[in-house]
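The structure appears below as structure tokens.
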Protein chains: 2
Amino acid sequence: MKQSRTFIPTLREIPTEADITSHQLLMRAGFVRRHMNGVYSYLPLAQKVLRKIENIIREEMEAIDAVEIFLPALQQTELLDQSGCGTSDCPDLFTLTDRQNRTIALGLDHAGVMTTLLRDEVKTYKKLPLTLYQIRTLFKDEKRPRYGLIRLKEYMMTNAYSFHANQESLDDKRNKVINAYATIFSKLGLNVKTVIADAKSIDTKQSLKFMALSEAGEVTIAYSDSSTYAAIMEMAEVKVEDSHQPETLKEMKEVETPNQHTVEEVSAFLGIDQSSVVKTLIFKANDDLVAILLRGDHKINVLKLKKALGTSEVSLATETEIAEVVSCEIGYIGPVKLPLTMKVYADHAVKSVFNGVSGANKSGYHLVNVNVERDFAVDDYMDLRFIQEGDPSPDGYGTIQFATGIDLGFVSDIGSNLSRSMNAVFIDEQGNSNPFIIGCYGLGISRLLAAVAEQYNDTNGLKWPKQLAPYDIHLVTVNVEDETQKQTSEEIYQLLTSYRYSILHDDRLERAGVKFADSDLIGLPMRLTIGKKAADGIIEVKIRSTGETLEWQREEITEKLQAYFG
Amino acid sequence: MKQSRTFIPTLREIPTEADITSHQLLMRAGFVRRHMNGVYSYLPLAQKVLRKIENIIREEMEAIDAVEIFLPALQQTELLDQSGCGTSDCPDLFTLTDRQNRTIALGLDHAGVMTTLLRDEVKTYKKLPLTLYQIRTLFKDEKRPRYGLIRLKEYMMTNAYSFHANQESLDDKRNKVINAYATIFSKLGLNVKTVIADAKSIDTKQSLKFMALSEAGEVTIAYSDSSTYAAIMEMAEVKVEDSHQPETLKEMKEVETPNQHTVEEVSAFLGIDQSSVVKTLIFKANDDLVAILLRGDHKINVLKLKKALGTSEVSLATETEIAEVVSCEIGYIGPVKLPLTMKVYADHAVKSVFNGVSGANKSGYHLVNVNVERDFAVDDYMDLRFIQEGDPSPDGYGTIQFATGIDLGFVSDIGSNLSRSMNAVFIDEQGNSNPFIIGCYGLGISRLLAAVAEQYNDTNGLKWPKQLAPYDIHLVTVNVEDETQKQTSEEIYQLLTSYRYSILHDDRLERAGVKFADSDLIGLPMRLTIGKKAADGIIEVKIRSTGETLEWQREEITEKLQAYFG
């Protein structure tokens with residue numbers, strides 16, 4: 001392709017709208033342009049990379065017997081109501097009204113459409129399992145579109161659904177999809193961590209996410225420094241550590257702590273470590289107030305609390321509500337002598353606080369040498385806190401570290417709730433009617449593009465891995481008005497095209513500096529420069545990934561290229 | 001692909017919703033399913049055909065230096081207002097409101113997005129011409145979705161835009177696109193007529209449409225039986241025929257024609273041919289009444305009338321309005337002695353009516369032996385009627401025939417109006433600022449699929465042309481519980497796969513009759529049946545397109561296949 005005949009609008013300056021590296025470079029190298037907030041046009045170079053990504057996805061999905069289909073973006077809102085995401089309770093959902101005044105949704109996923117299809121067409125276990133996937137654009141009323149191609153209103157996805165007669169079949173397919181996705185990441189050259197996305201699922205691996213490690217990532221990942229364990233930080237279970245009771249449990253005493261409300265203040269005031277404090281928080285769960293105890297240096301993870309209490313109706317109690325059960329200021333609440341009607345739940349770590357400090361339920365006072373069980377009762381111990389760097393890894397191997405990642409996709413069990421609610425059933429081998437067991441899988445293709453750009457660049461521009469580069473070779477004619485250079489370029493273009501290399505030929509009437517800067521910015525794996533030395537049969541070579549520069553004799557070019565590209 | 005592992009839900013009955021052949025067969029053969037009115041899911045077989053169509057399109061577009069991009073469906077409404085299709089005046093446009101309460105359109109095309117891109121990024125003639133195309137789904141608030149994949153709310157399109165510094169360059173590119181589209185149709189095996197879509201453009205070929213000939217087509221095409229001339233019937237110009245005045249112009253006389261209002265009634269009553277009648281219609285054009293004269297056997301083409309009068313404000317005058325200028329009943333209006341203030345326009349054919357009949361502007365009376373110029377004046381002769389079968393072809397070769405077609409796509413000049421209104425300009429070779437000259441091209445991919453199904457079928461099902469078939473070969477194992485048949489099938493599957501044939505293997509535990517009926521319905525080019533004769537090394541072959549059945553020796557299979565598939 002001649003560069004003058006395609007559309008690669010490079011920029012010298014970083015666009016002000018571009019907030020992360022991939023976004024800046026994809027803009028500057030002329031891959032994308034923003035049409036509106038969260039909506040992008042993919043220009044010729046990006047489209048080439050996207051198609052390569054899609055083909056890699058197709059190859060790997062087909063290798064695990066997934067079959068490609070194409071489902072509509074326009075969806076019945078009735079279906080969304082059935083599948084649990086109604087139009088009213090889903091702020092991410094775009095809806096529109098047609099001329100017949102009917103509301104239509106731009107579906108966020110295809111679980112409902114797919115399950116309807118199977119319900120209507122698959123009646124027997126003999127046709128199961130069945131795995132269907134698609135590649136298409138989806139739409140989302142994203143609250144805060146940003147980070148270039150990461151958070152979009154219109155984006156490219158591949159999603160897949162598998163339908164099974166039993167859980168073993170789903171488990172088997174899920175593992176195959178996880179392996180297929182791993183191969184896709186590997187073929188894309190992406191450094192990805194597979195993380196646990198749902199705390200309940202550590203054993204069953206029901207819900208996993210795939211995170212491209214990147215400083216631009218929005219998601220904090222907790223991972224072990226010595227094993228493959230990784231989880232979304234919020235989801236990481238905390239390993240229960242053994243508690244070692246000291247020889248003496250000292251006598252509990254009330255101490256005056258005027259104007260010391262927070263753990264930081266109290267521990268500094270008393271000259272103790274924050275980990276010696278038992279922090280007491282009053283939550284309202286459904287309509288009841290409950291006391292939640294944490295070690296002073298730990299933070300409450302409300303998601304875990306909700307799961308532990310089995311309700312999503314959980315929030316910090318208001319001052320008025322608290323005043324009904326304790327009569328002190330909030331900073332002085334403690335677990336000792338709380339009203340008996342109130343349940344007390346403690347994070348596991350509270351068990352290992354001995355001779356600790358807590359509020360005295362009396363404004364201006366704390367208790368020291370407080371000991372659980374001796375001085376107060378706990379209804380249940382639970383995992384209620386956020387994991388921290390330095391904690392032991394929940395799998396028992398190594399220590400937790402944090403990293404940030406770009407959320408690329410997921411595998412998740414839908415199970416049989418949806419099919420049951422939609423009455424999507426099949427007849428099993430025994431002649432019984434059962435709901436389909438469904439697995440759900442997805443990868444964000446726009447995000448894959450951004451993640452590769454995020455992981456492959458330097459200050460001069462992008463550095464595409466060979467298998468994804470929009471073209472293999474950037475053929476740069478330094479001076480297109482020089483007859484030798486022009487003719488040499490043309491001959492080399494023809495020669496290499498006949499060898500099936502894909503070539504972007506910079507045939508523009510521009511200064512050499514502009515051409516080289518653009519070439520680095522675009523980041524094709526190899527640059528072949530046809531300059532003054534062309535007259536002596538010498539071609540200048542630059543390997544983008546390493547910055548290495550070489551000089552090749554013209555006659556050895558195909559051999560050298562084969563050695564490089566394989 | 002094993003048929004048990006993919007999703008091909010065939011139907012024995014014709015679905016009641018399916019109104020045309022392609023729709024019925026694509027439903028019955030398990031290619032598509034309706035999700036809602038005008039919205040379809042494309043199942044695995046359809047997806048395979050669609051991808052083949054897309055690849056043919058890509059190949060031909062790239063051969064004419066068109067570059068692929070991907071533009072958003074979500075579009076700024078401001079842009080649509082600029083490009084002349086505002087949100088309020090375009091009933092086909094879907095709009096939605098995001099959480100920031102901003103109106104977003106699901107763009108019907110990409111002329112605006114594309115012109116914005118070029119305006120912002122291309123400043124000089126040196127980067128022109130530039131042709132960009134894409135393949136994507138589009139959305140339309142279709143008034144009456146129907147005919148399966150023909151009139152959809154969500155559909156697949158390829159559209160292209162070319163940007164030029166001058167008209168010659170656009171003319172050149174338009175011809176290239178026309179040729180590329182012709183190659184695409186030829187590769188798809190489609191019988192397509194290229195028709196004139198705009199009467200003004202017969203010479204310049206500014207606007208053409210591509211029609212797949214089909215009884216299911218909604219569009220009437222007027223074409224010559226002896227040349228390549230074809231036009232949308234409404235758009236076909238009528239060739240002006242020479243008029244031969246007879247020797248005697250007889251004396252005009254008033255005759256009584258009680259209760260004879262229509263041309264049919266009057267001609268029957270007077271025993272004359274309808275072509276001897278001069279029909280007079282009163283139209284209101286802007287605020288003026290005009291008299292329009294037609295030969296009695298011709299029909300007014302209001303589109304032509306609007307173009308001829310240069311206004312879209314044209315409608316038949318009401319009785320009240322007519323009563324202001326003539327005092328007779330409407331059936332008795334004629335051109336003789338109309339008020340002088342009213343302009344009189346006649347279709348060219350009126351010139352050749354001699355000694356004709358017209359209304360007498362007096363209820364219950366007509367005039368006979370009426371002759372133009374002698375008895376009444378005409379302000380102008382124009383082409384105002386619909387072309388008819390049997391008319392001479394406007395290009396001077398042959399006679400007009402009618403056919404119906406499916407509107408597959410178009411080529412059309414946008415010219416420079418849009419770029420001028422959007423201030424999308426470039427600097428030309430002389431340093432002057434000029435608006436881009438734009439060409440616009442499109443093909444409906446969902447319609448291409450439907451059109452192929454419409455042209456390739458018989459009563460038993462679809463008959464895919466080789467180059468589009470979802471698989472090359474349908475390998476049918478008659479009895480999967482027979483070990484010889486099962487093993488032979490498996491070996492042949494492996495063998496032919498290694499020869500790169502794509503195979504759908506019917507490995508289902510179904511009766512032979514069901515398998516053969518499904519096979520005919522799906523319509524792959526060749527069926528290889530592994531039945532009882534497999535034990536004797538014989539494979540039964542059926543060619544779907546011809547119905548021919550053969551028996552091949554197992555060892556000659558690859559040779560025979562190569563002879564068939566080439």
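Each chain gets a letter, A, B and so on, in the order the sequences are listed, and its residues count up from 1.
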*Donor-acceptor pair, T115(B) side chain versus A111(B) backbone, under 3.5 Å?*
yes
*Would you sort out whether S419(B) and F163(B) count as a side chain to side chain contact (heavy atoms under 4.5 Å, CB included), showing the intermediate values?*
CA-CA 10 Å; S419(B) 44; F163(B) 292 79; over 6 Å; no
_Top contributor to chain A contacts, counting heavy-atom pairs under 4.5 Å, from A46(B), S41(B), S4(B)_ = S41(B)
_Contact winner vs chain B - L74(A), L50(A), V67(A), heavy-atom pairs under 4.5 Å_ = L74(A)
_Contacts of type side-chain hydrogen bond (donor to acceptor under 3.5 Å, both in side chains), residue E54(B), not counting sequence neighbours_ = none
*Around R12(A), counting heavy atoms of other residues, nucleotides and ligands shown, do more than 12 lie under 6.0 Å from its CZ?*
yes
*With a 4.5 angstrom heavy-atom cut-off, which part of D92(B) approaches chain A: side chain, backbone, both or neither?*
both
*Residue selection (most heavy-atom pairs with chain A, distance under 4.5 Å) from N37(B), V122(B), L45(B), I104(B)*: I104(B)
*Any luck finding a side-chain donor-acceptor pair between T477(B) and D507(B) under 3.5 Å?*
no
*Using a cut-off of under 4.5 Å on heavy-atom pairs, state which of E154(A), M36(A), R33(A) scores highest against chain B.*
E154(A)
*Where on R58(B) is there a heavy atom nearer than 4.5 Å to chain A: the side chain, the backbone, both, or neither?*
side chain
*Residue K48(B) versus chain A: region with a heavy atom under 4.5 Å*: neither
*Who wins among D65(B), L509(B), L130(B) for the most heavy-atom pairs under 4.5 Å with chain A?*
L130(B)
_Working note: F94(A) + L108(A), criterion side chain to side chain contact (heavy atoms under 4.5 Å, CB included); need CA distance, chi angles, decisive distance, verdict._
CA-CA 8 Å; F94(A) 277 126; L108(A) 290 164; over 6 Å; no
*For A73(A), is it the side chain, the backbone, both or neither that has a heavy atom under 4.5 Å from a heavy atom of chain B?*
both
*Check whether NZ of the Lys or CZ of the Arg K2(B) lies under 6.0 Å from the centre of the six-membered ring of Y493(B) and within 45 degrees of that ring's axis.*
yes
*Less than 6.0 Å separating the ring centroids of Y125(A) and F426(A)?*
no
*Does G112(B) offer a backbone N or O that forms a donor-acceptor pair with the side chain of T116(B) under 3.5 Å?*
yes
_Best-contacting candidate, V113(B), L117(B), L43(B), against chain A by heavy atom pairs under 4.5 angstrom_ = L117(B)
*CZ of R146(B) to CG of L152(B): how many Å apart, nearest 0.5 Å?*
12.5 Å
*Could you tell me which portion of M114(B) (side chain, backbone, both or neither) has an atom closer than 4.5 angstrom to a non-hydrogen atom of chain A?*
neither
*asked:* Report, in residue-number order, which members of residues 131-141 of chain A are under 4.5 Å from chain B by heavy-atom distance.
replied: L132(A), R136(A), T137(A), F139(A), D141(A)
_Check this for me: R51(A), atom CZ, are more than 12 non-hydrogen atoms of other residues, nucleotides or ligands nearer than 6.0 Å?_
yes
_Crowding at NZ, K123(B) (>12 non-hydrogen neighbours, <6.0 Å)_ = yes
_If I measure from the heavy atoms of chain A, does K127(B) come under 4.5 Å with its side chain, its backbone, both, or neither?_
backbone
_Looking only at heavy atoms and a cut-off of under 4.5 Å, which of Q75(B), K126(B), Q100(B), E142(B) has the most pairs with chain A?_
Q75(B)
